[in-house]
Amino acid sequence: MKIYNTLTAKIEDFVPIKHPFVGIYACGPTVYDYPHIGNLRTFCCVDFLRRILDYFSYDVKLVINITDVDDKIIKAINQNGVSLKEYTSKYEEYFFSSISKLNIKPACFYPRATEHINEMVEIIKLLEQKGVAYRTEDNSIYFSVSRFNDYGKLSKIDKSNLKKGVRVDVDQYDKEDPVDFALWKSYTQSDGDVFWDVEIGKGRPGWHIECSAMNRKYLGQPFDIHAGGIDLIFPHHENEIAQSECAYGKTLANYWFHVNHLIVEGQKMSKSLNNILTINDISNPFALRLLYLQTHYRNKLNFTFDGLRAAENALNSLDAFVKTLFDIKMYYELEDNFDGNINDEIDRMGKRFIHGFESSLLDDLNTPKALSYLFDLSGEFFVFMNKNPKIVKFSDVNYLIALIEKVDSVLGLNLTVFTQLPSDIQELLKIRKKAKLEKDYTTADNIRVRIQEMGYVVEDTPWGTRCRRK
RNA sequence: GGCGACGUAGCCAAGUGGCAAGGCAGGGGCCUGCAAAGCCUUGAUUCCCGGGUUCGAAUCCCGGCGUCGCCUCCA
């Protein structure tokens, strides 16, 4: 499998440290607000990565952290007069429900920052011992960037250029160097109840140290893949590397996987533009998932509602294709006719499809291309079937259904999962069937309209009438 | 100022040296009791512009133009 590595800026062969095990750490949400569809894109792309590795029989251990303490959270709880836990658990739940709507497979661990203070303290102590961390007058602890020679290797940022651009933060007045970053922030009155009184002092962790602590605890060092949004490359991931590699003298992670941004109608999502969209603004989360699949993860994705509608239509046509396969399967099941080898032409289609699909995924997760093979399969199948519908037999469709089920373990579109029709619709369909037999088309058409109004499509096919959700 | 990305049909989007994937939308036709779905057909002689390398370039090189990101919290 080939994968782009931000660290080397090249597409490389993926070789895990200990085959078939793969450790992945992805920077998760800061639970101070609702996750927007940009955040969700990153998690979805990490899900693609994970599912692809699963598909190719790797044994994946995925860790996604939850940042449940930081400046913004503290500010918010002060304003709202609630406890840290009360505040963050609400947004944590929202995060979990959002990713579940997008059919993102759960990670193996979701460690919380506040539950790993000891692990952070351990690293900070080591850094102090090694003399790469120092204390300021207020007893905060900073990492001295100048002591780490490899600083900038991930983001390709030159330390000397960096200094020019950096604005000095007023409350960090006594840092030795403006680019140094906080490992431990000493307690101030405004922190309220949010502090840990530990041997390095009373205070709270800096942002970067939590990830270093948690990925080390769950995956060891080095581990295979570190993932996250593209904007985390600098400074977050650069700083994580600095801390972890300085403390332990070992590489932090071998591969760095970064997902590009999602923009909305050509603009960055931001509060000032009032264009922040969450999962609740999306009528059909599976269409959003398909939209994510249709753009390569390293390219910007311009989200528009027209685009979402287009994805929804595409999803419908895939749905119609798979439904057709199931209709045919059911038809022969009712006839008790399971006979037949797989037709040569169908077999060729299937092989071409799987080969194209898999090789696209192996090429740096080319999900848009992989998907194109599924549409090709649908087209080829219909062409074949249109020549003579009844030439397609039970074993042909059964074979194709199995293939689609298999690739859907990566796509996660639930293409072969159907929910039963509501009983009132089933009842209407029965009445319509009778009306049709009696050539009472007025009644039949009226019922069709009624069912459509309930959000379903009614279609008459050579294998009987079918009804699916629109 | 420093670092970097992108510009492919009406829209979205693959392709990074050998005849321009796929999706959505539109036109015409077939099928259908009518529909829906599907099929057929139609659409970039050309990949922002100008040069260059090459037998051959959307793809490599140089120079423009344009859009955007990061360098500050950020997925």
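Here the structure is a predicted model, which means the values were calculated and not measured. A, B, ... follow the sequence lines: proteins, then strands. Residue 1 opens every chain.
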What are the two closest heavy atoms between [X] and [Y], and how far apart are they?
X: A:N254; Y: A:N5; value: O-ND2, 3.0 Å
X: A:R112; Y: A:H116; value: O-ND1, 2.7 Å
X: A:C467; Y: A:V458; value: SG-CG2, 4.3 Å
X: A:L315; Y: A:N284; value: CD2-ND2, 3.9 Å

Between [N] ([atom2]) and [X] ([atom1]): distance, integer Å:
X: A:L7; N: B:rG4; atom1: CG; atom2: C1'; value: 16 Å
X: A:E265; N: B:rC11; atom1: CD; atom2: C1'; value: 12 Å
X: A:I451; N: B:rA35; atom1: CD1; atom2: P; value: 19 Å

In whole Å, measure the gap between the [atom1] atoms of [N] and [M] for me.
N: B:rC11; M: B:rC47; atom1: P; result: 16 Å
N: B:rG51; M: B:rU59; atom1: P; result: 14 Å
N: B:rC61; M: B:rA21; atom1: P; result: 24 Å
N: B:rU46; M: B:rA5; atom1: P; result: 29 Å
N: B:rA25; M: B:rA58; atom1: C1'; result: 25 Å
N: B:rC49; M: B:rU8; atom1: P; result: 10 Å
N: B:rC60; M: B:rC71; atom1: C1'; result: 30 Å
N: B:rU67; M: B:rA35; atom1: C1'; result: 45 Å

Discussion item. Could you check whether A:K393 makes a cation-pi contact with A:Y332, meaning its NZ or CZ is under 6.0 Å from the centre of the six-membered ring and within 45° of the ring axis?
Written reply: no
Worksheet item: Centre of A:Y4's six-membered ring, under 6.0 Å away, within 45 degrees of the axis: is that where NZ or CZ of A:R298 sits?
Response: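 Output yes; distance and angle both within limits.
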Practice prompt. Among A:I263, A:T295, A:V264, find the residue that satisfies the side chain to side chain contact (heavy atoms under 4.5 Å, CB included) test when tested with A:N302.
Written response: A:I263
Find every protein N or O atom lying less than 3.5 Å from an N or O atom of nucleotides 66-69 of chain B, and list the pairs.
from   : atom 1 : to     : atom 2 : distance (Å)
B:rC68 : O2'    : A:K300 : NZ     : 3.2

Tabulate atom names and distances for all N/O pairs under 3.5 angstrom spanning the protein and nucleotides 24-31 of chain B.
from   : atom 1 : to     : atom 2 : distance (Å)
B:rC24 : O3'    : A:N313 : ND2    : 3.2
B:rA25 : OP1    : A:N313 : ND2    : 3.1

As a test of reading the structure: which of [options] is closest to the side chain of [X], going by heavy atoms?
X: A:H296; options: B:rC73, B:rC39, B:rA14; answer: B:rA14
X: A:T30; options: B:rG33, B:rC73, B:rA75; answer: B:rA75
X: A:N386; options: B:rA37, B:rG22, B:rC39; answer: B:rC39
X: A:N366; options: B:rA14, B:rG33, B:rG23; answer: B:rA14
X: A:D460; options: B:rA35, B:rC71, B:rC39; answer: B:rA35
X: A:P368; options: B:rA13, B:rC71, B:rG38; answer: B:rA13

Discussion item. Check the phosphate of B:rA37 against A:N316, side-chain N and O only, distance under 4.0 Å to OP1 or OP2. Yes or no?
Written reply: no
Practice prompt. Let me know, please, whether A:G229 or A:G379 comes out on the 5' side of the other along RNA chain B by nearest nucleotide.
Written response: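 Result of the comparison: A:G379.
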Worksheet entry | Most 5' of A:R41 and A:T295 on RNA chain B, judged by nearest nucleotide |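 It is A:T295, whose closest nucleotide lies nearer the 5' terminus.
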Return the nucleotide paired to [N]: Watson-Crick means purine N1 to pyrimidine N3 with N6-O4 or O6-N4, wobble means G-U with N1-O2 and O6-N3, both under 3.5 Å.
N: B:rA13; value: none
N: B:rU54; value: none
N: B:rC19; value: none
N: B:rC68; value: B:rG4
N: B:rG63; value: B:rC49
N: B:rC34; value: none

Give one of base, sugar-phosphate or nothing for [X], where a contact means two heavy atoms less than 4.0 Å apart.
X: A:V259; value: nothing
X: A:D70; value: nothing
X: A:L262; value: base

Worksheet item: So, A:D364 and A:K2, do they make that salt bridge, N to O below 4.0 Å?
Response: no
Worksheet entry | Chi angles and distances behind the ring-ring contact (aromatic ring centres under 6.0 Å, His included) call for A:Y255, A:F14 | CA-CA 8 Å; A:Y255 299 86; A:F14 175 66; 5.0 Å; yes
Worksheet item: Quick one: does A:R448 reach the base of B:rA35 with a side-chain donor-acceptor pair under 3.5 Å?
Response: yes
Worksheet, complete the sentence: Within residues 348-365 of chain A, the residues having a heavy atom closer than 4.0 Å to RNA chain B are none
